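Just below is one structure, and these are the notes that go with it.
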Amino acid sequence: MTAQVGYDDVEPGTELPARSFPVDRERLVRYAGASGDFNPIHWNERFAKSVGLPDVIAHGMFTMAEAARVITDWTGDPGALLQYGVRFTKPVVVPDDDEGAVIEVAAKVAKKLDDEARTVQVDLTVTSAGARVLGMSRAVVKLR
């Protein structure tokens, strides 16, 4: 696959389409099975509260992956995401109700990095319940 977005078609400040990702307990259990991360803070409310958490929390890597979907959906090519890093700043608390939680992701092209390689830096803002849950969230993306 090749990125559907052209390097010449973006400038610093270009905004990617924002996305909202619902998170509920079922998704966390499915992610635990797929990832092999069965830490009870991600599915057992009693245990999570016993270790000082407000409730069950989403896996950090799950949160990171959902945020990355904004980039891969924008480019149309998961392989266009060359580098990606975040700092985990606050957990995504997932109550056991009909709503769960929502991860909100906004992103924009921060700068063009290399004309020859056709790469850009994309900065992401990732929040849940009004709090920033990922900090220093940025990626290097290769465009066509």
Side-chain angles (χ1 to χ4, degrees), residues 1-5 7 9-114 117-144:
M1 295 179 97
T2 320
Q4 297 173 2
V5 179
Y7 180 81
D9 298 329
V10 300
E11 293 299 329
T14 299
E15 293 185 9
L16 284 61
R19 296 275 311 270
S20 297
F21 300 98
V23 186
D24 57 22
R25 299 281 179 94
E26 180 182 350
R27 280 185 177 86
L28 296 183
V29 170
R30 289 175 185 264
Y31 182 83
S35 69
D37 181 352
F38 292 102
N39 186 326
I41 64 173
H42 301 305
W43 56 269
N44 183 315
E45 183 175 335
R46 185 178 69 242
F47 182 83
K49 288 182 175 181
S50 78
V51 296
L53 295 169
D55 208 328
V56 164
I57 62 170
H59 304 72
M61 296 300 285
F62 172 85
T63 303
M64 190 177 174
E66 290 290 76
R69 289 175 55 191
V70 168
I71 295 170
T72 59
D73 288 353
W74 176 63
T75 64
D77 177 12
L81 180 57
L82 302 180
Q83 294 176 20
Y84 180 44
V86 307
R87 187 171 289 158
F88 300 106
T89 55
K90 291 204 186 269
V92 175
V93 178
V94 183
D96 188 16
D97 59 18
D98 293 335
E99 308 271 326
V102 177
I103 299 168
E104 303 282 350
V105 184
K108 67 179 177 180
V109 175
K111 58 184 165 182
K112 290 186 164 187
L113 298 174
D114 185 335
R118 306 183 76 72
T119 55
V120 298
Q121 176 183 311
V122 175
D123 291 349
L124 298 96
T125 301
V126 185
T127 61
S128 182
R132 194 169 200 153
V133 296
L134 298 179
M136 300 294 292
S137 184
R138 53 178 61 127
V140 174
V141 181
K142 181 175 181 61
L143 303 179
R144 69 169 162 74

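Keep in mind it's a predicted model, so treat the numbers as computed, not measured.
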Query - Partners passing ring pair (Phe, Tyr, Trp, His ring centres under 6.0 Å) against Y31 (at least two apart in sequence or in another chain) - result: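 In terms of ring pair (Phe, Tyr, Trp, His ring centres under 6.0 Å), with neighbours along the sequence ignored, Y31 is linked to H59, F62.
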
Output the distance between atom [atom1] ([X]) and atom [atom2] ([Y]), rounded to the nearest 0.5 Å.
X    : Y    : atom1 : atom2 : value
I41  : S50  : CD1   : OG    : 10.5 Å
L113 : K142 : CG    : NZ    : 11.5 Å
W74  : Q4   : CH2   : CD    : 11.5 Å
D96  : E26  : CG    : CD    : 11.5 Å
M64  : L124 : CE    : CG    : 10.0 Å
T119 : L143 : OG1   : CG    : 8.0 Å

Contact summary for [X] and [Y], nearest pair of heavy atoms:
X    : Y    : result
S137 : V86  : OG-CG1, 3.4 Å
P22  : S20  : CD-O, 3.9 Å
V92  : S128 : CG1-OG, 3.7 Å
A139 : L81  : CB-CD1, 3.5 Å
A32  : F38  : O-CZ, 3.5 Å

Tell me whether [X] contacts the main-chain N or O of [Y] through its side chain, where contact means a donor paired with an acceptor under 3.5 Å.
X    : Y    : result
W43  : V56  : no
T89  : V133 : yes
K112 : Q121 : no

Query raised in the report: Are any of the side-chain nitrogens in R25 or D55 under 4.0 Å away from the carboxylate oxygens of its partner?
Result: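 Yes, R25 and D55 are salt-bridged.
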
Query raised in the report: So R132 and V126, side-chain contact (heavy atoms from CB on, under 4.5 Å) or not? Walk me through it.
Result: CA-CA 6 Å; R132 194 169 200 153; V126 185; over 6 Å; no

Applying salt bridge (Lys or Arg N to Asp or Glu O under 4.0 Å), which residue pairs with at least one partner in [range] are found, sequence neighbours left out?
range            : value
residues 70-94   : R19-D73
residues 118-127 : D8-R118, D123-R138
residues 100-109 : none

Query raised in the report: Got H42 and I57 here, is their nearest side-chain heavy-atom distance under 4.5 Å?
Result: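 H42 reaches I57 side chain to side chain.
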
Report task. Could you walk me through whether V120 and V10 pass side-chain contact (heavy atoms from CB on, under 4.5 Å), step by step? Result -> CA-CA 9 Å; V120 298; V10 300; 4.2 Å; yes

Report task. Go through F88 and L134 one step at a time and tell me if the side-chain contact (heavy atoms from CB on, under 4.5 Å) criterion holds. Result -> CA-CA 5 Å; F88 300 106; L134 298 179; 3.5 Å; yes

Distance-only check: which donor-acceptor pairs under 3.5 Å involve side-chain atoms of residues 11-18, not counting sequence neighbours?
residue	atom	partner	partner atom	Å
T14	OG1	E11	N	3.0
T14	OG1	E11	O	2.7

Requested in this report: Kindly write out the residues that satisfy side chain to side chain donor-acceptor pair (under 3.5 Å) with R144, not counting sequence neighbours, or none if the list is empty.
Outcome: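 R144 satisfies side chain to side chain donor-acceptor pair (under 3.5 Å) with no residue once adjacent residues are dropped.
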
